[in-house]
2 protein chains.
Amino acid sequence: MARKSATGRIGIADVALKAGVSHATVSRVMNGNFTVDPDIAARVRAAAVELKYQPNPVGRSLALGKTDTIGIVVPDLANPTFQAILRGLSRAAAQDGYRVLIADSFEVSSEEAILAGEARRRCDGLVLCAPRMGDAELAEIAPSLHPLVLINRTTAAPGVPSLVVDYGLGVQALAEHLVELGHTRLAFLAGPAGSASNGLRLEGLAVFKASHAHVDVTMLDGGSDFDTGHEAVDAVLASGATGILAFNDLVAMGLMSGLHERGVNVPADISVTGFDDIPFARYTTPTLTTAAVPIAELGAQAWHQLRALIRQEGTETPGVRYQPRLEIRSSSGSAPVSPAP
Amino acid sequence: MARKSATGRIGIADVALKAGVSHATVSRVMNGNFTVDPDIAARVRAAAVELKYQPNPVGRSLALGKTDTIGIVVPDLANPTFQAILRGLSRAAAQDGYRVLIADSFEVSSEEAILAGEARRRCDGLVLCAPRMGDAELAEIAPSLHPLVLINRTTAAPGVPSLVVDYGLGVQALAEHLVELGHTRLAFLAGPAGSASNGLRLEGLAVFKASHAHVDVTMLDGGSDFDTGHEAVDAVLASGATGILAFNDLVAMGLMSGLHERGVNVPADISVTGFDDIPFARYTTPTLTTAAVPIAELGAQAWHQLRALIRQEGTETPGVRYQPRLEIRSSSGSAPVSPAP
DNA sequence: CCAGACTGAGAGAGCGTTTTCTCACCACAT
DNA sequence: ATGTGGTGAGAAAACGCTCTCTCAGTCTGG
């Protein structure tokens, strides 16, 4: 056995020994440096194959100062949105030979900063999804995280592109849609307080209300998951609204499930809209009217922005603003002639 | 600026310089080695804080021969099953200070071996989900991947624990359930040919058929996603079966959607069962009868097995066999008196 | 009062690469 | 025959850590 190193793994030195050359030459051959005599190169390659030599990426990373890895910090891997972002990111990065390291903060936003820093040090760049982190904290750590791309947040710190979905516009479009169907009493089932994307939705609703004085919009507390929607059914019914804007698809699905149990017909009695257009939105009964966010594309775009930063391409990367597309399905319909039960 | 290293980052040398000690001492302090004079330790710590020094994990990894990272190879990150495994794995590993590196093979099983090798070299261990990889190839690469944990596969190579869900038993339980409801004509909507878990289901069905000669089981071609199920509706109706065992929940949902469009009532006319118990299974209409696999727990367990391997704990890690739990919901009901339309 | 044990910190050798620097060697022109 | 230029490969220095040696210095016991 050609085992020399302490780790027991085949190293560049073993190949050098076997080929009768210096390890520098082996490195040259492995990296396709053409200033090597073809005969020697062949000998080195033969030795490498015979020993099944595979360069150690850690040593390589140390020497090159890059890891060919990027990190992504997500608040919750169980959330379909982040799964989709991860998917898009992973796929796009893989195309350029980069791998993705996951850092799940499990919604513990107090540790997000440390987590992000740790992940960043292991990688060449970072994609950060931290909807609850304070603006001040974000601005403070952002420089040390560079190259950094933000998802659904912006920051004052310079050189940090943001990919944001215009939730405000989306919620306006949904509200508009419901009004066109004749609804005059709407309710918004809000997401987690302090969440940035919830804030954007609220801003959008404010704009909407300003231009639709005759429409009544009730605000209801909520959350971001199925159960939240399910539990909100009483509050929704009590509000007397006939058009419900749920925080996202998950909440909308929970709400529809709860309404179904109560014998309330969607959309005959109450119309429900979601947000995100997760894959299952088209498979619910009734199928869910929602605002579609090209979320996997957002992941891919995150990689492209990050790549530009990593390669230090001078081009300004101002970030991208995504406009949700209204996806009208069967969960929304004409307002009932008489108010909901 | 205390910038010495070429990379521009603060290194251990900078801290050593500032504290007026050797870099060895800084290392000692950072690692909590108590053979350091408290005064000096304090000085070092102060310098580290002032310079915002954060140890470089790559250098650390090289010196220690470990990366505190594990890899997971999945065939498709879009598949809820692998998302759940990833989630469980990531969470459990994080508890022990390990991060997870993703390698998505995008169903290109020809590259899975290279991908796995590459991922493995960057990490301290690997979790491999490669349902389509040939047994021979797997057995060949397995030794070079050690520490390695297999999901839903076994291999002859020694020292490789496997975590397998007993799909055979699950499918038997589901079939049994349908028979108890009076169904005598069943159909199995198969998964991808060559998939290991599909093979296990087929074996289970064979056992079932052997002990239920009076039950007719039709085999139908299928796949693993929603659309597959949706497209299978004609074949299902043509089969005349009243109890359908779908490959998994996604397929079952697609089928139910297709049946709904055809005006076929589930479960009055046809009973449908899934497999996996993905989160959405309890939210479909009707809610889906399925065989529940504690899939996130499987991810956690994968970490525990891998950890034992990494720590070289002598304890044999024979792997775990998970028995699916029947989850009876509303998509299965008594067989109709007259055959389905 | 000095030999031996012990303590604490620095010097330096890895870890496995890449890359620069250096130099031997050959060919060619002078 | 000697100087010059170019080529190709080895020696060695990085990269940023950890950890073993080594050796001053102090403490203790005879």
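Letters go in sequence order (proteins before strands), and every chain restarts at 1.
Between B/N56 and D/dC15 there is no side-chain N or O to OP1 or OP2 distance below 4.0 Å.
Between the P atom of D/dC15 and the CZ atom of B/R9 lies a distance of 14 Å, rounded to the nearest Å. Rounded to whole Å, the distance from CG on A/L51 to P on C/dG16 is 15 Å. The CD1-C1' distance, from A/I12 to D/dA9, rounds to 14 Å in whole Å. Summarising the geometry, the separation between CZ on A/R60 and C1' on C/dG16 is reported as 11 Å, rounded to the nearest angstrom. We find that NE2 of B/H23 is positioned 12 Å from P of D/dC19, with the value rounded to whole Å. Following rounding to the nearest Å, B/L64 (CG) and C/dG16 (P) show an atom-to-atom distance of 12 Å. Atom CG in A/L17 sits roughly 12 Å away from atom P in D/dG10 (whole-Å rounding). In this structure, the CE atom of A/M30 is 17 Å from the C1' atom of C/dT19, given to the nearest Å.
With sequence neighbours left out, the salt bridge (charged side-chain N to carboxylate O under 4.0 Å, His left out) criterion links A/R132 to A/E107. Considering only residues two or more places apart in sequence or on other chains, A/F82 meets the ring-ring contact (aromatic ring centres under 6.0 Å, His included) condition with none of them. Applying the ring-ring contact (aromatic ring centres under 6.0 Å, His included) criterion to B/Y53, with sequence neighbours excluded, gives no partner residue. Every residue two or more places apart in sequence or in another chain that forms a side-chain hydrogen bond (donor to acceptor under 3.5 Å, both in side chains) with B/R307 is listed here: B/D96.
In terms of heavy atoms, B/V164 sits closest to B/T154 at CG1-CG2, 4.1 Å.
Residue pairs meeting the side chain to side chain donor-acceptor pair (under 3.5 Å) criterion with at least one member in residues 112-123 of chain A, sequence neighbours excluded, are A/S105-A/E112, A/E118-B/R99.
Checking C/dG12, D/dT18, D/dG16 against the side-chain heavy atoms of B/L62 singles out D/dG16 as nearest. Taking only side-chain atoms of B/A24, from C-beta outward, the nucleotide of C/dA11, C/dT17, C/dT18 with the closest atom is C/dA11. Of all nucleotides listed (C/dG12, D/dT18, C/dT18), D/dT18 comes nearest to the side chain of B/A63.
Note on A/D135 versus A/R153: salt bridge recorded, some NZ/NE/NH1/NH2 to OD/OE distance being below 4.0 Å.
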N/O to N/O distances under 3.5 Å, protein versus nucleotides 6-9 of chain C:
unit_1	atom_1	unit_2	atom_2	d
C/dA9	OP1	B/D37	N	3.2
C/dA9	OP2	B/T35	O	3.2
C/dA9	OP2	B/D37	N	2.9

